[in-house]
Each structure stands twice: as structure tokens, then as C-alpha cells.
Amino acid sequence: MTPSTTELEIAPTADDHRIARHAAAAIVLTVAEAAIPLPLPGVKPGLANIVTLVVLARWGWREAAWVVLLRVLVGSLVLGQFLAPGFFLSLAGSLASLAVLGAAMHLPRRWFGPVSHSVLAAFAHIGGQLVVARLWLVPHDGVFYLVPVFALAATVFGLVNGLVAARLLADGSVPSPAPRDGT
Amino acid sequence: MTVRAWLADWAAHLRAGDVLVVGLALVFCVASATRLWHGGRPDKAVIKAGGKVFAEVDLAAPRIVEVPGPLGTTRIEIQPGRARVAADPGPRQYCVRQGWLASAGAVAICAPNQVSLALSGRAADYDSLNY
């Protein structure tokens, strides 16, 4: 198929296909993870973030943002959580962690790898969630009582997800981008 | 593969900054836990006799406060961060047997001698009268 040269026609580009593929992988992980019993609402491994980290490292922030937002949207639709409180919590957490990832990816690569990105994003995620929870769902400072639990979960799962992402990136099992102009 | 080799394999993916970030994250966990879960640390003991405040004692330095009551003298012992009724002339010794009080909001009441010892802090863990 020859690529369309007109702007009027909507033809998915290779980028679109790739984003869709990554988002699909992330959604599968989200749904699979929903089957794991959780001790506390809000504490979960966030395995889909492995995909986010890999996409961030390989394809940049814009694509990672697409993958995250598609995953949050479709994941909530599949699980029947769309527009439920949990959806807004994960949306807030995801937006906060995307913002932090946007900053963290500019840390020197020599010293800071996917593990740093992962832990920082996990902390941003609980931060975003707690802000929404405090302002809207539980308008009481009692929510902050659970901060240490969330922080520990963010540290542990951030570390594990970051290590898995680092490993995937290192052993070449994820395709790397063909050299492109610009980014 | 031994556990050690397996761990080393994973640790190879950690960079210096990553170790720093994980370390700071753990420090944050511990700091937030001690901060948020020890909010009930008392900083002051309020001693009442006959319904009136007899003394407000800072819990920083050890000292002994002797409080006069209708039955005799109740001796209250203060130590850094905690306080107790060391001796009381009351018949049942409930307040003495409560031992050391160490959290904000904790109260020992020596009813016969009309003496009470209460610890107060910025954030009380609980209201011990409505426990």
C-alpha cells in the first residue's frame, strides 16, 4: 500500500500502529493485573508501566503519553471502571507521573536509568492520586495516614518495574526505532 | 543459577543515580511512617488536682512532682517523653498500675485523691476518655 500524500485522508501511520500495539500490550497487563487480589485499594504493581518505561526510553515522551492515556481509557472501559472514582484516580496519577517522567527523562542517562524513572513516576502517581482523593473522595486528612504504605508500594513496585524495563531495553527483545530525522 | 548470581544479574541494570533514587524513596517511606504514625508523641503533661490545673510540666527533663490531695500526696514521675503516677495514697492504685503513659491523650486518674495526669501533644492519637 502506498502511503497517502493528501492530508484529507486519514490513514494510520506506522507511528499510529506502533502506539496502538504498545497500548494494547499495556491494556493486557492492566486487565491481567486486575485479577490479582489487592490488600488495599490503590496499591497495585502497575505492570503496564513497564510498557510506558520502554516506550519512553525508545520512542520519547509523546508516544509514552499516548500509550498511557489510551491504556487508562481503554483499561477502565474493559474493567467497567470508566468514569468511576477509580478511573479519575488513575487518570490523575497517570497525568502526574507523565509530568514527572517528562522531567526525569532529561536526567543524565549515564547515572539515571529506567529504575529512576520508574520510582519517580510511581511516587508522582501516588501523589496525583492522593491529591484527587483528598480534594474529592475523602475530604479529610485521614487519607494521608496511608502515605507510608503507598510510598513503600511505590518504591518496591517502582524498583521491580524499572528493573524489568531496563532488562527488556538491554537485551534487545523490544524493537528499537529506525534512525529518524529530528528526535 | 544461584540466588546471588540472579540478584547480581538484576543489579547490573541499576545505575548510580538509580540507587540514589531508590535510597531516597526508602528514606521517604521511613520518614513519612515515623512522622505520620507517631503524631501522638506527647510534649507536655497536665497535672490536675481537685479539678484545677496544678501544673503543666514539659516532658523534656526528668523530674518528680508531688501533688497534694485529700488523702495525701500523689507522686508523679516525669521522664523524657513519658510520665507515670509513681505513688498514690488511693486504695485501689488504678492510676499507679497504669504504668508509663507515653502517647498524647493518655490519662491516668487517681480519683480518690482527686489527681489526674494527662499527656497532651500537637496531635492526640486518641481521646482516652472515649477510648
Side-chain angles (χ1 to χ4, degrees), chain A residues 43 50 53-54 57 97 100-101 103-127 130 134 140-174, chain B residues 1-44 46 59 81-82 100-107 118-131:
Chain A
V43 174
I50 296 169
L53 291 165
V54 169
S97 47
V100 165
L101 281 176
M105 66 185 290
H106 297 297
L107 288 168
R109 286 274 163 117
R110 202 171 127 70
W111 306 108
F112 298 94
V115 175
S116 295
H117 300 163
S118 181
V119 172
L120 291 172
F123 269 86
H125 200 281
I126 60 167
L130 279 172
R134 172 65 181 82
H140 183 266
D141 281 338
V143 278
F144 296 116
Y145 195 71
L146 289 175
V147 162
V149 177
F150 292 146
L152 188 65
T155 309
V156 172
F157 294 133
L159 175 65
V160 170
N161 290 346
L163 283 173
V164 172
R167 186 157 206 165
L168 286 174
L169 285 162
D171 73 4
S173 58
V174 283
Chain B
M1 188 158 43
T2 64
V3 173
R4 183 180 280 249
W6 181 80
L7 281 176
D9 209 32
W10 281 104
H13 295 287
L14 279 173
R15 301 175 201 177
D18 296 340
V19 176
L20 180 74
V21 169
V22 172
L24 287 177
L26 286 174
V27 168
F28 179 85
C29 293
V30 173
S32 64
T34 49
R35 244 304 303 236
L36 289 164
W37 293 347
H38 281 270
R41 193 177 295 143
D43 37 44
K44 187 169 78 156
V46 179
L59 286 186
R82 58 182 195 166
W100 289 104
L101 309 182
S103 55
V107 178
L119 302 191
S120 66
R122 270 163 301 148
D125 264 350
Y126 52 86
D127 172 350
S128 54
L129 293 182
N130 295 304
Y131 202 13

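Values below: all heavy atoms of this structure, side chains included; hydrogens, waters and symmetry mates excluded. First the proteins, then the strands, lettered A, B, ... as listed; each starts at 1.
The contact between A:Phe112 and chain B is made by backbone and side chain atoms together, counting heavy-atom distances below 4.5 Å.
The greatest number of non-hydrogen atom pairs below 4.5 Å with chain A, out of B:Ala12, B:Ala11, B:Gly17, is found for B:Gly17. Comparing A:Pro114, A:Ala151, A:Ser116 by how many heavy-atom pairs each has under 4.5 Å with chain B, the most go to A:Ser116. Ranked by non-hydrogen atom pairs under 4.5 Å with chain B, the options A:Pro148, A:Gly162, A:Ala122 are led by A:Pro148.
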Problem set entry | Evaluation steps, side chain to side chain contact (heavy atoms under 4.5 Å, CB included), between A:Ile50 and A:Asn161 | CA-CA 5 Å; A:Ile50 296 169; A:Asn161 290 346; 3.9 Å; yes

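You'll find the side chain of B:Asp18 stays beyond 4.5 Å of the side chain of B:His13, heavy atoms only. For the pair A:Leu169/A:Val54, a side-chain contact is recorded, criterion being any heavy-atom separation below 4.5 Å from C-beta on.
Just one residue in the list A:Val164, A:Val160, A:Leu159 forms a side chain to side chain contact (heavy atoms under 4.5 Å, CB included) with B:Trp10, and that residue is A:Val164.
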